[in-house]
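Accompanying notes for the structure given below.
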Amino acid sequence: MHDAFQKRQAEAEEDNSAGGVVAASAAASHGDEARGLRVLRLIEHLASASQPLTLSQLATRMQVPKASMMRLLDTLEQHGYVLRTPVGRGYVPGAASTNLALATLRNNALIRVSRSILGSLVAVTGETCNLAIPEGNAIVYVDRVETQEALRLHLVLGTRAPMHCTASGKLFLAHMTLLERRELLAMLGLEARTPKSITDPVLLEREIVRIARLGIGIDDEEFVHGMVAVAVPICAADGRIVAAVACHAPVARKSVEQLLQHVPQLKEAAVKLRPLLLAENS
C-alpha cells in the first residue's frame, strides 16, 4: 500500500509539473503575441498621426513604460521600420514600413479595386491618375494608372516626392496646423525642382492657405517642368487626411484650368476609395 501511495504521489507531482510547463508555455506564447501586437500598434499610431510622435507620447498612448518603448523604438529604427526626425525628437514610419505597406497593397484585393477606380478616372480625364499617401516629410505614390497618350510622366509605385511642390503634398500641408507645418518644412527645406517651385516660406504659406480654402491641391509646373496636376483629399471622420487622389498632365495637352474641370470626378473617385483605406463604415 505504501508503494501504491508513493506511485500516486509521484504521478500527481508529474502532472503538476507538466501543468506548470504548459502554463508557462502558454504565458510565454501570450507574451510573444502581445509583443508582436505592440509592434503593429506602434506602427499604426505613427502611420495615423498627423505629425511625428515623441517617445513620451507613444508611451502614454500605448500605456507602455518609457524604457520598454525606447528599446522597441531603437530596435525598429535599426531595421528601418521607424525614423527619428532631426527636429522635435519625434518618430515617423520608416522606409521598411512603407515598403511593407506597398507590398500589402500590391498583393491583395485592395489594389485591384483601387486600380479599377483609377482606371475609370483615367478613362474620363484622359490623363494619368494616382493615389498618394503622406510618409514622413514626403508623399508616396501607392497606386497609379497611366494615360494611353505617348507624352506622359512615368513614376514607379513607391516613388517619394516632396510635399512643397506637388499637388497632393501641398494638400497634406494644408491640413496640418501652422506649427506642424512649420516644423515639417524646417526639417524638409524648400528645394527648387523647377523655376516655378515656391521656395519662399512666406509665399508658400500664402499658397497653402489658398489651397486650404479651395480644398484642392494644385501643382502648376512646380514639381516637373511642363507638367501640371490637381489633387483632392481622402479624409477620415475626424477630418484627418489619409490620402489624396491626383490627376496630372503635360501642359502641351492640358492646363491647370482644364484639369480643375475634372475635380468632380476626382472627388467621386475619392469617395469610392475611402472605404478601402479606412477601417470604418463609410
Min side-chain heavy-atom separation [X]-[Y] under 4.5 Å:
X      : Y      : value
Leu72  : Val64  : no
Val242 : Arg274 : no
Tyr91  : Leu53  : no
Glu205 : Leu178 : yes
Thr199 : Leu204 : no
Pro201 : Leu185 : no
Lys170 : Glu207 : yes
Leu131 : Arg144 : no

Hydrophobic cluster of Val92, others only, ordered by chain and residue number, side-chain cut-off 4.5 Å: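 The other cluster members (ILVMFWY side chains, heavy atoms under 4.5 Å, direct or chained) are Leu83.
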
Which other residues belong to the hydrophobic cluster containing Leu179, where Ile, Leu, Val, Met, Phe, Trp and Tyr are joined when side-chain heavy atoms lie under 4.5 Å apart, directly or via other members?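 Hydrophobic cluster check, Leu179: no partners found.
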
Decide yes or no on side chain to side chain contact (heavy atoms under 4.5 Å, CB included) for Val251 and Glu221, but give the supporting numbers first. CA-CA 8 Å; Val251 293; Glu221 297 187 72; 3.8 Å; yes

Quick check for you: to the nearest 0.5 Å, what is the distance between [X] atom [atom1] and [Y] atom [atom2]?
X      : Y      : atom1 : atom2 : result
Met69  : Asp74  : CE    : CG    : 11.5 Å
Arg61  : Leu46  : CZ    : CG    : 9.0 Å
Gln265 : Cys129 : CD    : SG    : 10.0 Å
Cys165 : Ile198 : SG    : CD1   : 9.5 Å
Arg38  : Gln63  : CZ    : CD    : 11.0 Å
Asn130 : Thr159 : CG    : OG1   : 10.0 Å

Hydrophobic clusters here meaning ILVMFWY residues chained together by side-chain heavy-atom distances under 4.5 Å, can you tell me if [X] and [Y] are in one?
X      : Y      : result
Val228 : Val263 : yes
Val245 : Leu276 : yes
Val209 : Leu173 : no
Val124 : Ile216 : no

Any chance the side chains of Ser114 and Asp143 put a donor and an acceptor closer than 3.5 Å? yes

Greater than 12 external heavy atoms within 6.0 Å of Lys254's NZ: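 Yes, enclosed.
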
Crowded around Arg253 CZ? As in, over 12 foreign heavy atoms under 6.0 Å? yes

Please assess Thr128 against Glu146 for the test side-chain hydrogen bond (donor to acceptor under 3.5 Å, both in side chains), listing each intermediate value before the final yes or no. CA-CA 4 Å; Thr128 297; Glu146 300 280 356; 3.2 Å; yes

Residue from Arg181, Met163, Glu135 passing side chain to side chain contact (heavy atoms under 4.5 Å, CB included) with Phe172: Met163

Using 4.0 Å as the upper bound for N to carboxylate O, is an ion pair formed by Arg193 and Glu222?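 Looking at Glu222 and Arg193, the cut-off is not met.
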
Ile133 vs Ile139, test: side chain to side chain contact (heavy atoms under 4.5 Å, CB included). Steps then yes/no. CA-CA 6 Å; Ile133 61 171; Ile139 64 167; over 6 Å; no

Apply side chain to side chain contact (heavy atoms under 4.5 Å, CB included) to residues Ile117 and Val113 and explain how you reach the verdict. CA-CA 6 Å; Ile117 294 170; Val113 177; 4.0 Å; yes

